Structure formats: C-alpha cells, structure tokens
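All remarks here apply to the structure that follows.
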Amino acid sequence: MSLPHGRHYPPATYHGTDGEVSAWMRRAGEPADLTFRGGGTCEYLATGDRTEGRFGLYRWSFGEVESGPDPHFHRSISEQFYVLSGEVRLFDGSDWTTARSGDFLHVPEGGVHGFRGGGHATMLLMFAPGGPREDYFETLARGEEMSEEQRAEFMVRHDTYWV
C-alpha cells in the first residue's frame with residue numbers, strides 16, 4: 001500500500017509477533033571514547049556495529065582551536081551534521097557557511113563537504129549506512145606517521161576522497 005507521499009516503508013526485518021527487549025542506551029555522563037591532541041573529543045553514540053550497519057552516530061566536540069577536514073567526499077556513505085552548540089563552519093560543496101545550534105546539513109553519497117569548528121562547539125555527526133568510522137577517527141587521533149602511499153591507501157580504505 002502506497003502512502004500519500006508515494007514512499008513505502010522498507011521490508012520488515014523483524015518477523016516476531018510480540019516485540020522484544022532489545023533497546024540499549026548510552027548515558028550522557030559516560031566519558032568520551034576518543035580525545036584528539038587539539039582537545040576535541042568524540043563519543044560513539046551508536047556505531048555501525050551496534051546498529052547492524054544501519055547508521056553510525058557520534059557526538060563531536062571541538063577543542064578551543066579550529067580544526068576539521070578539508071573538502072572531501074564519500075562514495076558509499078552519506079554524512080549528516082547537526083550543530084548542538086557554538087558555531088561550526090560547514091562546506092556544502094559550493095561555499096563555507098557558519099552553522100549554529102539547530103542547523104542541519106545532509107550530504108548524500110558523492111557530495112563534496114567539509115567542516116571546521118573550534119571554541120568547544122559540539123555537533124552530531126551521522127553516517128548512513130554505518131561504516132567502520134571508529135578506526136578512521138582513532139588512527140587520525142593517534143597521529144600515526146604514514147607515507148604518502150600509506151595515507152592514500154588508508155583514505156581509500158575509509159571511503160574518503162579529497163578534492
């Protein structure tokens with residue numbers, strides 16, 4: 001049955017009749033999963049492993065000094081940004097725009113984007129489907145030395161293409 005807007009719900013993935021107890025929660029007071037050298041942090045709210053690959057959701061807190069990736073795109077994942085506090089500069093493929101609390105940016109697969117924040121701004125960062133972004137974040141946070149060839153292979157392995 002088609003709904004008024006013409007879209008349909010996806011096929012059922014749960015086939016039981018009574019529902020089940022399967023929810024989980026991450027409490028607000030839990031420590032960050034990752035701290036970057038510049039003082040920023042990342043909290044793994046819902047990794048792709050926890051969501052069966054449906055999405056990955058992270059709370060990104062910037063340090064005092066502005067940081068963030070230059071313009072790039074992903075071939076297999078979309079990326080969403082929702083600013084919680086402070087100001088975050090978001091690149092939408094055309095221009096850098098200052099986003100503030102409540103602003104949202106959706107970037108589909110192939111969409112050029114970037115972000116920069118400082119002053120302890122915070123945002124939610126979501127990827128869909130939920131690829132293994134944790135290894136990407138953790139490797140960058142460790143500041144591992146890589147040759148140009150190793151870095152290029154690392155970026156391709158993590159679906160990140162710089163423009």
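Here the structure is a predicted model, which is why all the values come from computation and not from measurement.
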Contact check, side chains of [X] and [Y], non-hydrogen atoms, under 4.5 Å:
X	Y	result
R89	E66	yes
L84	W60	no
E134	D33	no
T13	R54	yes
R133	E79	no
L105	Q80	no

Could you label the plane-to-plane angle of the [X] and [Y] rings as parallel, tilted or perpendicular, counting under 30° as parallel and over 60° as perpendicular?
X	Y	result
Y44	Y58	perpendicular
F62	F115	perpendicular
F104	H106	parallel

Original post:
Are F55 and F127 close enough that their ring centres sit under 6.0 Å apart?
Top reply: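 Between F127 and F55, which both carry aromatic rings, the centre distance is not below 6.0 Å.
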
Please round to the nearest 0.5 Å and tell me the distance separating atom [atom1] of [X] and atom [atom2] of [Y].
X	Y	atom1	atom2	answer
E87	R116	CD	CZ	15.5 Å
W162	M155	CH2	CE	5.0 Å
E30	R59	CD	CZ	10.0 Å

In this structure, are over 12 heavy atoms from other groups packed under 6.0 Å from [X] atom [atom1]?
X	atom1	value
E20	CD	yes
R151	CZ	no
Y9	OH	no

Identify whether [X] and [Y] are in the same connected component of the hydrophobic contact network (ILVMFWY, side-chain heavy atoms under 4.5 Å).
X	Y	result
F91	F73	yes
V88	L57	no
L45	F36	no
I77	F137	yes
L140	M123	yes

Atom of [X], atom of [Y] and distance for their closest heavy-atom approach:
X	Y	value
A121	G86	CB-CA, 4.0 Å
P108	S78	CA-CB, 4.0 Å
S76	P129	O-CD, 3.6 Å

Short question: side chain of [X], backbone of [Y] - any donor-acceptor pair under 3.5 Å?
X	Y	answer
D159	R75	yes
T47	G56	no
H72	H113	yes
H158	T160	no

**OP:** Begin from the C-alpha positions of E43 and T41 and carry the test side chain to side chain donor-acceptor pair (under 3.5 Å) through to its verdict.
**Re:** CA-CA 7 Å; E43 297 168 54; T41 62; 4.9 Å; no

Original post:
Please walk me through it: do F81 and L124 pass side chain to side chain contact (heavy atoms under 4.5 Å, CB included)?
Top reply: CA-CA 6 Å; F81 302 88; L124 294 177; over 6 Å; no

